[in-house]
Amino acid sequence: MKPIQSKEEYQTYVDQKTPNSPILKNCFNAFWVGGLICAIGQIIFEICKIRGIDETNSYTIVSMLLVFCSAFLTGLNIFNKIGKFAGAGSLIPITGFANSIVSPAMEYKSEGYVMGVGAKMFTVAGPVLVYGISTSIIIGIIYIIFNTQSLILV
Amino acid sequence: MIFIKKVGNQSYILSKPVNITSTASIVGPKEKEGPLHQFFDQCLEDEFWGEKSWESAESKIVKETVNMVISKSGIPSREIDFCLAGDLLNQCIASSFGLRETNIPFIGLFGACSTFVESMIVGSTLIDGDFANNVVCCASSHFCSAEKQFRFPLELGNQRPPSSQWTVTGAGSVILSKDGNGPFISAFTPGKIVDMGIKDANNMGAAMAGAAEDTLITHFKDTGRNPSYYDAIFTGDLGHIGKDILVDLASSKGYNIKSNYNDCGVLMFDKQKQDTHSGGSGCGCIASVFSGYVYKMLQEKKYKKVLMIATGALMNSTSTQQGESIPGIAHAVSIEL
Amino acid sequence: MDWYMVLKAFITGGIICIIGQILIDKTKLTPARILVTFVTLGVILGGLGWYKYLIDFAGCGATVPLTGFGSLLAKGTISEVQTTGLIGAFTGGIKAAAGGISAAIFFGYIASLVSKPKIKKQ
C-alpha cells in the first residue's frame, strides 16, 4: 500500500476497510417484525370494529395498546433485544416511539424523578414531537390561508 | 539546554528504568466470558456491583482495584507518593470519587482511552526525577456509564453498526517503584494529537489508527529500534478495523508489524461468540489487559520486551453533534525485563 | 374478522419498515433522526391528503408506523381548523394524537418506577 497523503484519501481507504451492515438480512428482519407489529395492530382494530367502536377511537386504542406492550417489554429488558434484531422493524412502528420515551426514563432514574426521569424522558422522542407538532401547525396555517379544497386532494 | 534523557523528537529513555512492582485488574461480567478471563484478578457478576448507579459502580471498581494493587505490592499506603488516575466520565468522577478515601496525593488525568499509558508515563517521570518512590496508576471504564454518556440509553432498541466497539467494564492499576526486580519501564514516547478527519463516532478505530501509527513510527525512528526489537506490540483499543488499518499504515511507511502486533480490544472479547462487533474499547481495556494478561506474560518471561501503545479518541458527545472530526492520540511505553 | 386486511397491514407495514432500515444502514442516521424524518413525512403526506389512501388500503399497516402518527397530527389539525379556525391549528394535532403520546409518557413513567436497565447480554 502506498502512504496516505490526505484526509480524503484516508476517508476513502477507511470506508473500504469498514464492513457494511448486512443490509439484506436487516431488511428481511425489519420487514417481518414491522409487518407483524402492524398486523397485530390490525387484529386489535378488527376486534374493536366487531365491538362497535368507531374508527378514530379504534386507531387510538391500537396505538395505546401497542405503546403499552412496548413499554412493558422495555421494562422487562426485552425490547432492546428485539430492536437489535429487527432494527427499523421495531423502531418505525409506534412501538419504537414508546421505547424511545421509556428507555431514557429508566436510564436516568438514578438522577432522580424530576430532573432524571421527568426531564430526560424526551431526549430521543422530544425532537419527534417538536417536528411533528410544528409541521402540523404549519399545515394548519397554510390550510387557513388558502382555505380551499385545492390543497387537500380529496 | 540539553535534554539528556530525550532521544530524537519526542522519545525518552529513562536513566534508571522504573520498576513495575505489582498490578491488579477487576473486570465486568461480559469480560469474564471473554478469552482472557483467567488472567484477571477479579470478575464481577453484575454491572452494578451492589451500587445504585453505574457511575458509583465504576468508582467502586477503581477503589477496589487500587486497594488490591496496594495490598498485592506489600507497600504501606503512606509510602505511596502519588496516585495518578483517570476515566471517561465527565470531570473524571469515577477516579476522584473512587479514590477520595485513599489519603494519597491525587493527580487526575484525562487522555480518553490513552489514560492508562499516560499515567504510566507521568508516573515514570515523577520517579525518574526523584519526586517519588512509589506511584500508583489506574484507569477505568464502564460499559453502561459510557453508553449513557456518549451514546444511547441501554434499553433503546437500536442496532450497533459493525464498526462500533464495546466499552470494557473494568479497571487496571499498577504500582511503579524506584527499586525492584522488574519488569521495568525503560523508555516512552508521548504522542501528538493527530486528526485524520474521521467524523463517524461509531468508527473510533479508524479515527485513532493515525495517531497510533504516528507514535509507533516516531518511537522506532527516535530510538533506532525496529518492530522485531519487541516480542510483542500492543495497542489499546483500535479494535479489529483499527488494527487492520494500523498494520497497513505501518507497512506503507516500511515497518512490518504483522507478526508481533495485537490489539487489547481484539484480545478482550471473542468476536464471533460475544457479538462485540469491532472489539473492546475504553480506558479499562488496555489497563485491564496489561495488568492482567501482559504483566503475567512478562512475569513468566514469555515476553521480554513489550511496547504498549494506548490510543485515545479526544472527543465528546457535543463535539460529535457539532460535526467536528475526531482527533486521536497515542502514547507508547516500552517495558522490558 | 377481515384477515385480508390483516395481510395488507402486514405487507404495507413491513415495506415502510424496510424503507426505514435502508435509511439506517445507508445514511447512518441516528434513531432520533429516523423517527423525526418519518413523522415529518407523515405530517406532510397527511396534510396533502395523500396518506388517507394508504390508510384506506392497509389500515394499521399505515397508521401504526410513525408516518401514521404524523398523518394523524395533520388530520387532526385540519379538521379542527375547519371548525374553530386559527386556534384549531394549535389544538387539533395534539388532540388527535393525545392517546399515543399520553400513553407513552404515562407507561414510560410507570416503567421507570418499577424497572431497572440491564446490560445487553448479546
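We name chains A, B, ... by the order of the sequence lines, and we start the count at 1 in each one.
For a residue to count as touching a neighbouring chain, one of its non-hydrogen atoms must lie under 4.5 Å from one of that chain's; by this rule C:Leu73 touches chain A with backbone and side chain alike. Interface remark: C:Ala58 contributes backbone atoms only to the contact with chain A (heavy atom separation under 4.5 Å). With a 4.5 angstrom heavy-atom cutoff, A:Tyr59 touches chain C only via side-chain atoms. Both the backbone and the side chain of C:Tyr109 have a heavy atom closer than 4.5 Å to some heavy atom of chain A. For C:Val43, the parts sitting under 4.5 Å from any heavy atom of chain A are the backbone and the side chain alike. Both the backbone and the side chain of C:Phe90 come within less than 4.5 Å of a heavy atom of chain A. Both the backbone and the side chain of C:Ile44 come within contact range of chain A, with heavy atoms under 4.5 Å apart. In this structure, chain C has no heavy atom under 4.5 Å from any part of A:Ile40. Only the side chain of C:Thr77 comes within contact range of chain A, judged by heavy atoms closer than 4.5 Å. Looking at A:Leu91, the atoms closer than 4.5 Å to chain C (heavy atoms on both sides) sit in the backbone and in the side chain alike. Interface remark: A:Thr60 contributes side-chain atoms only to the contact with chain C (heavy atom separation under 4.5 Å). C:Ile105 touches chain A through backbone and side chain together, each having a heavy atom under 4.5 Å away.
Between C:Asp25 and A:Asn26, the side chains place a donor N or O and an acceptor N or O closer than 3.5 Å (distance only, hydrogens not considered).
Considering every non-hydrogen atom in both C:Ile22 and A:Cys27, the closest pair reads CG1-SG, 3.7 Å. Between A:Cys38 and C:Gly13, the closest heavy-atom pair is SG-CA, 3.5 Å. In plain terms, the two heavy atoms of C:Val6 and A:Ala39 that are nearest each other are CG1-CB, 3.8 Å. Heavy-atom minimum distance, C:Gln21 versus A:Ala30: OE1-CB, 3.7 Å.
When C:Ala96, C:Gly93, C:Gly59 are compared by the number of non-hydrogen pairs under 4.5 Å with chain A, C:Gly59 comes out ahead. No other option in C:Thr30, C:Leu23, C:Leu113 has as many heavy-atom pairs under 4.5 Å with chain A as C:Leu113. Here C:Leu86 is the residue among C:Leu86, C:Val114, C:Ile16 with the most heavy-atom pairs under 4.5 Å with chain A.
Proximity to chain C among residues 112-128 of chain A is limited to A:Tyr113, A:Val117, A:Met121, A:Phe122, A:Val124, A:Pro127, A:Val128, judged by heavy-atom separations below 4.5 angstrom.
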Under 3.5 Å, side-chain donor or acceptor atoms of residues 95-107 of chain A against the rest of the protein: list the pairs with distances, not counting sequence neighbours.
unit_1: A:Thr95; atom_1: OG1; unit_2: A:Ser90; atom_2: O; d: 3.0
unit_1: A:Asn99; atom_1: OD1; unit_2: B:Gly157; atom_2: N; d: 2.9
unit_1: A:Asn99; atom_1: ND2; unit_2: A:Thr74; atom_2: OG1; d: 3.2
unit_1: A:Asn99; atom_1: ND2; unit_2: B:Glu155; atom_2: O; d: 3.0
unit_1: A:Ser100; atom_1: OG; unit_2: A:Phe97; atom_2: O; d: 2.8
unit_1: A:Ser103; atom_1: OG; unit_2: A:Asn99; atom_2: O; d: 2.9
unit_1: A:Glu107; atom_1: OE1; unit_2: B:Leu154; atom_2: N; d: 2.9

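Between C:Trp3 and A:Ile43 there is a side-chain heavy-atom pair separated by less than 4.5 Å. Inter-residue side-chain proximity for C:Cys17 and A:Val33 is flagged as unmet; no heavy-atom pair is nearer than 4.5 Å.
Ring centroids of A:Phe31 and C:Phe10 are separated by less than 6.0 Å, placing the two rings close together.
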